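Take a look at the structure below.
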Amino acid sequence: MKHIFGVFASLLSLVALADGQYEYSKCWDAMNEKDYVKAVNWCTLSAERGFDGALLALGHLHLAGETKDLHKAEHWYLRYARSGYEGYGYGFAMLGSVAMELGDKVSAYKWYYLCSKSDYAGCQTDLIKLKSELSGSDIDNATKQAKEWSLAE
């Protein structure tokens with residue numbers, strides 16, 4: 001009987017980790033070891049298994065360091081923003097940061113605008129700062145893009 005209970009407990013732990021949590025923990029282990037290529041591999045597996053937190057981690061991994069690729073960072077932050085996961089608005093804020101790094105202030109404004117309409121309150125300062133740097137027509141264009149993006153989703 002004790003053996004059956006042990007097997008049952010093992011199966012329950014596998015089910016609990018079936019959503020990518022195990023891979024996500026391995027991703028964090030790799031990040032702590034500063035093996036970012038390995039971290040990207042583990043986080044990608046985690047994201048493929050449905051763990052939304054891995055989407056954000058992948059964005060961060062591609063934002064800087066040896067795995068830096070701003071277009072990949074943009075891809076993962078966009079997936080996170082679309083996930084509806086609690087704190088999804090942070091994905092919009094990070095998309096704004098990527099756009100700023102790419103030198104596209106109009107796109108950055110669009111993402112910060114969407115962030116301001118989300119569950120994340122941390123982008124108001126960036127939105128206000130950009131508003132002072134853009135022309136009225138650029139702001140109108142960015143706001144229009146944001147509203148069209150919202151409707152398309």
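Keep in mind that this is a model prediction, so the values were computed, not measured.
Linking Ile, Leu, Val, Met, Phe, Trp and Tyr whenever their side-chain heavy atoms come within less than 4.5 Å puts Leu61 and Leu78 in one cluster. Under the 4.5 Å side-chain contact rule for hydrophobic residues, Met94 and Leu130 do not share a cluster. Hydrophobic clustering (ILVMFWY, side-chain heavy atoms < 4.5 Å, transitive): Leu114 and Leu102 are in one cluster. Linking Ile, Leu, Val, Met, Phe, Trp and Tyr residues whenever their side-chain heavy atoms come within less than 4.5 Å leaves Tyr88 and Leu127 in two separate clusters.
Nearest approach of Leu134 to Ile139, heavy atoms of both residues: CB-CG1, 3.9 Å. Here the closest heavy-atom approach between residue Gly87 and residue Asp119 is recorded as N-OD2, 2.7 Å. The nearest pair of heavy atoms linking Ala93 to Tyr120 is CB-CE2, 4.0 Å. Taking every heavy atom of both residues into account, Ser116 and Gln124 meet most closely at CB-NE2, 3.2 Å. Minimum heavy-atom separation, Cys43 to Ala57: SG-CB, 3.8 Å. Between Ala47 and Ala54, the closest heavy-atom pair is N-CB, 3.7 Å.
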Exercise for review: Go through the steps to decide whether Phe92 and Cys123 satisfy the test side chain to side chain contact (heavy atoms under 4.5 Å, CB included), and finish with yes or no.
Suggested key: CA-CA 9 Å; Phe92 291 129; Cys123 55; over 6 Å; no
**Study point:** Criterion side chain to side chain contact (heavy atoms under 4.5 Å, CB included) on Val98 and His71, from CA distance to verdict
**Key:** CA-CA 8 Å; Val98 170; His71 295 290; over 6 Å; no
Point to revise | Thr67/Lys72 under side chain to side chain contact (heavy atoms under 4.5 Å, CB included): CA gap, chis, key distance, verdict | key: CA-CA 10 Å; Thr67 55; Lys72 285 183 180 179; over 6 Å; no
Point to revise | Full working for side chain to side chain contact (heavy atoms under 4.5 Å, CB included) between Met31 and Cys27 | key: CA-CA 6 Å; Met31 283 192 279; Cys27 172; 3.7 Å; yes
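Remark: aromatic rings of Tyr113 and Trp149 are distant, center separation not under 6.0 Å.
Panel note: side chain Ser46, backbone Trp42; no donor-acceptor pair is recorded below 3.5 Å. For the pair Ser25 (side chain) and Tyr22 (backbone), a donor-acceptor distance under 3.5 Å is present.
Inter-residue side-chain proximity for Glu23 and Phe51 is flagged as unmet; no heavy-atom pair is nearer than 4.5 Å. In this structure the side chain of Asp52 reaches within 4.5 angstrom of the side chain of Leu55, judged on heavy atoms. Looking only at side-chain heavy atoms (C-beta outward), Val40 and His62 come within less than 4.5 Å of each other.
Residues passing the side chain to side chain donor-acceptor pair (under 3.5 Å) test with Gln145 are Asn141, sequence neighbours excluded. The side chain to side chain contact (heavy atoms under 4.5 Å, CB included) check on Asn41 picks up Val37, with sequence neighbours excluded. Under the rule for a side chain to side chain contact (heavy atoms under 4.5 Å, CB included), the partners of Lys68 that lie at least two apart in sequence or sit in another chain are Leu70, Glu101. Residues meeting the side chain to side chain contact (heavy atoms under 4.5 Å, CB included) test with Ser132, sequence neighbours left out: none. For Lys38, the salt bridge (charged side-chain N to carboxylate O under 4.0 Å, His left out) test picks out no residue, with sequence neighbours left out. By the side chain to side chain contact (heavy atoms under 4.5 Å, CB included) test, Asp126 pairs with Tyr112, sequence neighbours left out.
A distance of 9.5 Å separates CD in Glu148 from NZ in Lys110, rounded to the nearest 0.5 Å. To the nearest 0.5 Å, the span separating CG on Leu63 from OG on Ser97 amounts to 7.0 Å. For the atom pair NZ (Lys117) and NZ (Lys147), the distance works out to 7.5 Å, reported to the nearest 0.5 Å. Separation of atoms CD (Glu74) and CG (Asp69) is listed at 10.0 Å; rounding is to 0.5 Å.
For the residue pair Tyr80 / Trp76, no side-chain donor-acceptor distance below 3.5 Å is found, with atom types taken as modelled. Donor-acceptor pairing under 3.5 Å is recorded for the side chains of Tyr77 and His60.
Atom CD of Glu66 has more than 12 heavy atoms from other residues, nucleotides or ligands within 6.0 Å.
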